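Keep in mind the model is a prediction, meaning the values are calculated, not measured. So that the names make sense, note that chain A is the first sequence line, chain B the second, and so on, each numbered from 1.
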Protein chains: 2
Amino acid sequence: MAQLDDQFQDDPVQVEDTVLGTLIGYRLKRAYMQIQPQAQRVLAGENLRVVSFSCLSIIADNPGIVQSELAAVLQMERSNLVVIIDELEQRGLIGRERVPTDRRRYALTATLRGRRLRDSVAEKVRQAEDAVIGRLNPQDRAHLLAVLERLDAGAPQTTT
Amino acid sequence: MAQLDDQFQDDPVQVEDTVLGTLIGYRLKRAYMQIQPQAQRVLAGENLRVVSFSCLSIIADNPGIVQSELAAVLQMERSNLVVIIDELEQRGLIGRERVPTDRRRYALTATLRGRRLRDSVAEKVRQAEDAVIGRLNPQDRAHLLAVLERLDAGAPQTTT
DNA sequence: TATTGTTATACTCTATAACTATA
DNA sequence: TATAGTTATAGAGTATAACAATA
């Protein structure tokens, strides 16, 4: 409540910060705290959680991916994937069929509805993000994405 | 387990990603997921959680701050602050005394031990972060901090 | 009547262990 | 023997509601 409604009404509560704000981890967390509720609100409007949307999006981009691969990509536990996949399938957003050559695995594919929902929701999420990050000019935004991707992947190249 | 030990041993599982990776929120979350476990590991060595360290650090920088102000600064609930403050006090890292002019409030101050622990732990956390973000050159690192701070504060200025 | 600190509790997200069926 | 999917459960972290003391 305080975060969603009052963040621009509360007294800004200005304080000293000589250490915490110089740590990348803290800054990443804070930035995520500002953006995440906006994305979550948009996704909730489509009965999606952040993690369900992430799954749907990766499945849409990788037809035939199996659950353990998906879990590895999203760095989450296979066990926590089960209910999410179940719901996406029940809603007709994805399909799954046994892999003939290895009957332990299920090949996941997004349906047409799933792909369309993914695309339309992604656009709404992007707009919601822009309401927060719109303060960044395009160069800063592109640079930020590139740097964050590098932190994630651990690639040792340099930008520009 | 998979995230801590196997992330550099597992097959990288290369997949397509046309949408998810272009969203700032997702990129922030991913970057935080790489750095946070490292910070957490260091803090655990001092019997601190991320949130306890955050409290200690803000208190150290703002002697006399009260709990509701601290909660507002860290964007967390007052109620969740109680056990954290209790423990910090029991460990002799902070002290609290009633504010004479408003006996509902407790003024929080870091002890010498608390300030010293804050400083030494901060240095270890920074080193742990560097093990992940060391891939960034100093310019990229400074730019990242500045952009993230702007996302957090909502300041409409431009860098450089 | 409103606010501070507090307690108790619920809810979400993630992690762990164990099972089955297949390999 | 190992792996994919599954189930159940435990543990964090966070949010909500209500209370006593004080303003």
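The base of dT3(D) lies outside donor-acceptor range of the side chain of Ser68(A), with no N or O pair under 3.5 Å. Judged by distance alone with a 3.5 Å cut-off, a donor-acceptor contact links the side chain of Arg78(B) to the base of dG5(C).
Nearest to the side-chain atoms of Asn80(A) among the listed nucleotides dA15(C), dT4(C), dA23(C) stands dA15(C). Comparing atom distances between the Ser79(A) side chain and each of dA8(D), dG5(D), dT22(D) picks out dA8(D) as nearest. Picking from dG5(C), dT22(D), dT7(D) the nucleotide with the shortest atom distance to the side chain of Asp86(A) gives dT7(D). Residue Val66(A) has its side chain nearest to dG5(D) when only dC13(C), dG5(D), dG5(C) are considered.
If you take CD1 of Ile84(A) and C1' of dC13(C), they are 10 Å apart, rounded to a whole angstrom. Atom CE of Met76(B) is separated from atom P of dG5(C) by 13 Å (rounded to the nearest Å). The CD-C1' distance, from Glu77(B) to dT4(C), rounds to 14 Å in whole Å. Rounded to an integer number of Å, the gap from Ile85(B) CD1 to dT4(C) P is 15 Å. One atom, CD of Glu97(B), and another, C1' of dT4(C), lie 17 Å apart when rounded to the nearest Å. Taking atom CG on Leu70(B) and atom C1' on dT3(C), their separation rounds to 17 Å, with Å as the unit. The CZ atom of Arg49(A) sits 5 Å away from the P atom of dC13(C) (whole-angstrom rounding). Between Leu81(B) atom CG and dA15(D) atom C1' there is a gap of 14 Å when expressed in whole angstrom units.
Taking the nucleotide of DNA chain C with the nearest heavy atom to each of Asp102(A) and Gln40(A), the more 5' of the two is matched to Gln40(A).
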Pair up each side-chain donor or acceptor in residues 48-60 of chain B with any protein partner under 3.5 Å, not counting sequence neighbours, and list the distances.
from, atom 1, to, atom 2, distance (Å)
Ser52(B), OG, Arg49(B), N, 3.2
Ser54(B), OG, Val50(B), O, 2.9
Ser57(B), OG, Arg118(B), NH1, 3.1

List, one per line, each side-chain donor-acceptor pair under 3.5 Å for residues 64-74 of chain A, sequence neighbours excluded.
from, atom 1, to, atom 2, distance (Å)
Gln67(A), OE1, Arg96(A), NH1, 3.0
Glu69(A), OE1, Val66(A), N, 3.2

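Judged purely by distance below 3.5 Å, without hydrogens or angles, the side chains of Arg126(B) and Thr22(A) pair a donor atom with an acceptor atom.
Using a 4.0 Å heavy-atom cutoff across all strands shown, Arg103(B) reaches sugar-phosphate atoms only and no base atom. If you check every strand for non-hydrogen atoms under 4.0 Å, Val51(A) touches nothing.
For Gln67(B) and dT6(C), the shortest distance from a side-chain N or O to OP1 or OP2 is below 4.0 Å.
Counted within 6.0 Å of CD on Glu46(B), heavy atoms from surrounding residues, nucleotides or ligands total more than 12; the atom is thus considered enclosed.
Here the side chain of Asp130(A) pairs no donor or acceptor atom with the backbone of Gly134(A) at under 3.5 angstrom.
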